[in-house]
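Step one of this worksheet: look at the structure below.
No hydrogens, no waters, no symmetry mates; every other heavy atom, side chains included, goes into these values.
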Amino acid sequence: VIIDNGNVVVPNMKRLGLGDDWLSKQLKIANLNHPRDVFYLSFEQDSGKTVLIPKEKKKGGSALIRYIIKRLVYAVLTLFVLISLTFFMMRMLPGNPFIGDKTVSATAMANMNAKYGLDKPVFVQYLMYMGNCLRGDLGISITYNRDVMTIISESFLVSADLGIRAIIFAVIIGILLGAVAAIKRG
């Protein structure tokens, strides 16, 4: 084994009929680890040598951090697409949010449209909606005439409790059914 400019050069193992065991022994003699862990293998046809190029040592966790960042970017992108789709699909529905069982005068309708910004172009409404969503302002509920975030926060604990109970139930049933399936195979 020859170490040349930071690279490890060995005879062409294929031509000499030498395998990984021989290379592992030679690298242990040279106080190096197994080639797949430490080196990229590069076979040079012309010179009849196998060159092992050292891999750069990666700092621990950098791959994990990149993975987490990538997933967070995908989550934000998905949320953006869903919010946009919801906005435009709601705008495509026929009718008006103020038309219901009651008859509303034209003046009252114009006032409500101005109050909620529905008299502006759709693109302006979309920009206002996205800005409000980024600030956490979901507006006022037309049905309850209260802030939507207040309504959500009041019912969040009940929903979280129900969700946690459902997960616990699913895990217990899943483990039990998995154990039964493992015991009674076939």
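Met92 and Tyr129 fall into different hydrophobic clusters, defined by Ile, Leu, Val, Met, Phe, Trp and Tyr side-chain heavy atoms under 4.5 Å apart, directly or through other members. In terms of hydrophobic clustering, with Ile, Leu, Val, Met, Phe, Trp and Tyr side chains grouped at heavy-atom distances under 4.5 Å, Phe80 and Ile83 are assigned to a common cluster.
Scored by the salt bridge (charged side-chain N to carboxylate O under 4.0 Å, His left out) test, Arg91 finds no partners at all (sequence neighbours excluded). Listed by chain and number, the residues in a salt bridge (charged side-chain N to carboxylate O under 4.0 Å, His left out) with Arg71 amount to none (sequence neighbours excluded). Under the rule for a side-chain hydrogen bond (donor to acceptor under 3.5 Å, both in side chains), the partners of Tyr126 that lie at least two apart in sequence or sit in another chain are Ser84.
Nearest heavy-atom pair, Phe88 versus Val122, reported as atom, atom and distance to 0.1 Å: CE2-CG1, 3.9 Å. Nearest approach of Ser141 to Ile151, heavy atoms of both residues: CB-CD1, 3.9 Å. When all heavy atoms are compared, the tightest approach of Ile152 to Leu138 is CD1-CD1, 3.8 Å. Closest of all the heavy-atom pairs between Asp147 and Gly139 is OD1-O, 3.1 Å.
Expressed to the nearest 0.5 Å, how far CG of Leu127 lies from CG of Asn132 amounts to 11.0 Å. The structure places CD1 of Ile168 at 8.5 Å from CZ of Arg165, a figure rounded to the nearest 0.5 Å. Here CG of Leu77 is found 10.0 Å from CG of Leu82. Values are rounded to the nearest 0.5 Å.
The side-chain contact (heavy atoms from CB on, under 4.5 Å) test with Ile175 singles out one residue from Leu177, Ile173, Val171, Ile172, and that residue is Val171.
The shortest side-chain heavy-atom distance between Phe87 and Gln125 falls under the 4.5 Å cut-off. Put simply, the side chain of Leu85 reaches to within 4.5 Å of the side chain of Val81, judged on heavy atoms.
Around the CE atom of Met149, the shell of radius 6.0 Å holds no more than 12 heavy atoms that belong to other residues, nucleotides or ligands.
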